[in-house]
Each structure stands twice: as structure tokens, then as C-alpha cells.
Amino acid sequence: MSLSNEPIIVANDLTISYELHRERKKLTALQDINLEVKAGEFVVLVGPSGCGKTSFINAISGLVPKETGSVTVRGEEVTGPGPDRAMVFQDYALLPWRTVESNVRMPFEFQDLGVSEAEKKKRVQECLELVDLNGFEKSFPYELSGGMKQRVGIARALITHPDILLADEPFAAIDAMTREAMQAEMERIVMETGQTCVFITHSIDEAILLGDRVVVISYRPGKVKEIVDINFPRPRMSNSEVKTSREYAEIRDHIWKLVKDEASQTNRGE
Ligand SMILES: Nc1ncnc2c1ncn2[C@@H]1O[C@H](COP(=O)(O)OP(=O)(O)OP(=O)(O)O)[C@@H](O)[C@H]1O
Ligand SMILES: [Mg+2]
């Protein structure tokens, strides 16, 4: 996939704080984050628990207000959610009483995008095909495995044809074997659709296999500690030489040390 040089997402000195009413204090989750994500780029965020990764993608999706600085998408300040940005959640967030088809169509109920009924039906089919779930339209979530549920979550995220896919540890609840298959699926979908992806994970292997760049966030308040470029050719998931290469081991070791350093801060108390 060729990357455009135009940044699609720009965080400029972004600071996010939360008011802790009970303790009557303010918690700064992220401080002065500067990051540009190019159109078509796959950026992975890693960092210790509580460093502000979820807060950052929530700010891009418009679910969390910034304190100072800005987040812009295609040059426009983010002020709330929009169909150009879709989220894939860790716990799938499917409605159990609805069929697969009805879950996938859900985003159309929240916003009038001027899409005809025929087009909606066509997109449901296309998106289910993309995640390899055709034939399961009438199934309910309880009839599906964890990996299948997450694929429904991905199909639902793709239904509005978003430019930007935001994923918050989407494969954390999935067993190791299925997780590998899901990573390959994610890589394929993003290569096919040309979407921009901001993806959070605690798995350094997942970060290296999926990311064009891995952004290591420091412990609270979260700042960009280092950005590591990953230049292995794609598709990487099906290429066993990537994971066994010396370069892979070096990058893995480097990122691991950066994250471990930060994680040790979390044990030093507030
Ligand atoms: N709605 C909220 N109200 C108050 N504090 C919050 C809120 N959301 C997050 N925080 C705090 O902000 C900090 C960053 O949280 P965030 O969820 O962004 O971290 P994270 O990097 O995603 O962590 P994890 O890896 O555990 O998911 C944490 O200290 C958390 O307690
Ligand atoms: Mg999180």
C-alpha cells in the first residue's frame, strides 16, 4: 500500500485530563502529545497500563474532550464522533439480542448518512465477506466463537466506509491461535481497503507485525517516548522469515526495553 505524505490525523500538544471529583484533584492522562498519522498508515500504540492509550484514541474518535492542544482529522478539529472514524472494541460490544446482520448495520441507526436500503444491504454482504462471515447473517452472538464475534465487530466498523479505523486491544480476549489468524485478517483488510489505522496492543509481537510505526507512550502523564519505524514488507503475517529474522529480534528487544522501563514506573507509586 503506498502511503500519501499528507497527515490525516494530527495531534498537536494534546493534553487530556480527568477531574477526580472524589479526590478533588485532576489527573493528567496525556501530556503534550505530538503525532502525525499519514493517510493509509498503520500506527500502533504501546505502553504500560494507565499511560493514556485509550484516552488518545478516544480523543481521535471524539469521545473524550481535550484539555489543551488539538486533534485534527483532515485539517478539521475533532469535536465529536463521526462516520469517518470507526472503533473496534476489545470486548466486541455486540448487542446479544440482535443477529449478526443487525449488529453490523447498527452504525446506520446513529447517523443519517443518506445511504439507501439497497446500498446498506449490499454493504452488509461486502463487509461480512471481507471478514469471512458470509452465511452467518442470521446467527446471534452467542452462537459465535470469540474470533467470529470480533470479526462481526470489525465488519460493523467497516460498514460506514470509514477512512480511519481505531482499535483498542481488539484481540486481547482471543486465544493465541485465533489471535494470529485475526492479525492476518486485520493486515489483509487494511491492505485491501487502504484505511488508516490506529491500533492499541500490549503485545509487542502484534505491534511489530501490524505496524508501519510503533509509538511507545511513557507512563503517566503519557508522552511520546519513542517512535520506532517498522519496515518489513507486507504481508508479514504469512511470511515466516520476518519473525525469525535478526532485525525482528533487535526491534523486539528495543521496544521491549522501552516498555519495561516505563512499566517499572507504575510500581513506584503515585
Ligand atoms: N473517564 C475517566 N475518568 C477518570 N479517570 C480516567 C478516565 N478514563 C481514564 N482515566 C485515567 O486516565 C489514565 C489513562 O487511562 P487510559 O484508559 O487512557 O490508559 P490505557 O493506556 O488505555 O491503559 P490500559 O493499557 O490499562 O488500557 C488512567 O490513570 C485512568 O485511571
Ligand atoms: Mg486502554
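One-based numbering, in listed order, for ligands and for the atoms of each. Just so it is clear, the structure is predicted and the values come from calculations on it, not from any experiment.
- For Pro235, the side chain to side chain contact (heavy atoms under 4.5 Å, CB included) partners two or more places apart in sequence, or in a different chain, are Glu187, Met191, Ser238.
- Salt-bridge check for Arg98 with Glu109: passed, with a basic side-chain N closer than 4.0 Å to an acidic carboxylate O.
- Not a single N/O/S atom of Ser49, whether from backbone or side chain, sits less than 2.8 Å from the Mg ion (ligand 2).
- Side-chain contact, Tyr219 with Asp261: no donor N or O sits under 3.5 Å from an acceptor N or O.
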Would you mind writing out the side-chain donor-acceptor pairs for residues 157-171 within the sub-3.5 Å range, not counting sequence neighbours?
from, atom 1, to, atom 2, distance (Å)
Thr160, OG1, Pro83, O, 3.1
Asp163, OD2, Arg74, NE, 3.3
Asp163, OD2, Arg74, NH2, 2.8
Asp168, OD1, Thr54, OG1, 3.4
Asp168, OD2, Thr54, OG1, 2.8

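- The contact shell of ligand 1, taken as protein residues with any non-hydrogen atom closer than 4.0 angstrom, comprises Tyr18, Leu20, Leu27, Ala29, Pro48, Ser49, Gly50, Cys51, Gly52, Lys53, Thr54, Ser55, Glu169, His202, Arg220.
- Note on Lys223 versus Glu262: no salt bridge recorded, every NZ/NE/NH1/NH2 to OD/OE distance being 4.0 Å or above.
- Connectivity analysis of hydrophobic side chains (ILVMFWY, heavy atoms under 4.5 Å, direct or indirect) links Phe140 to Tyr142.
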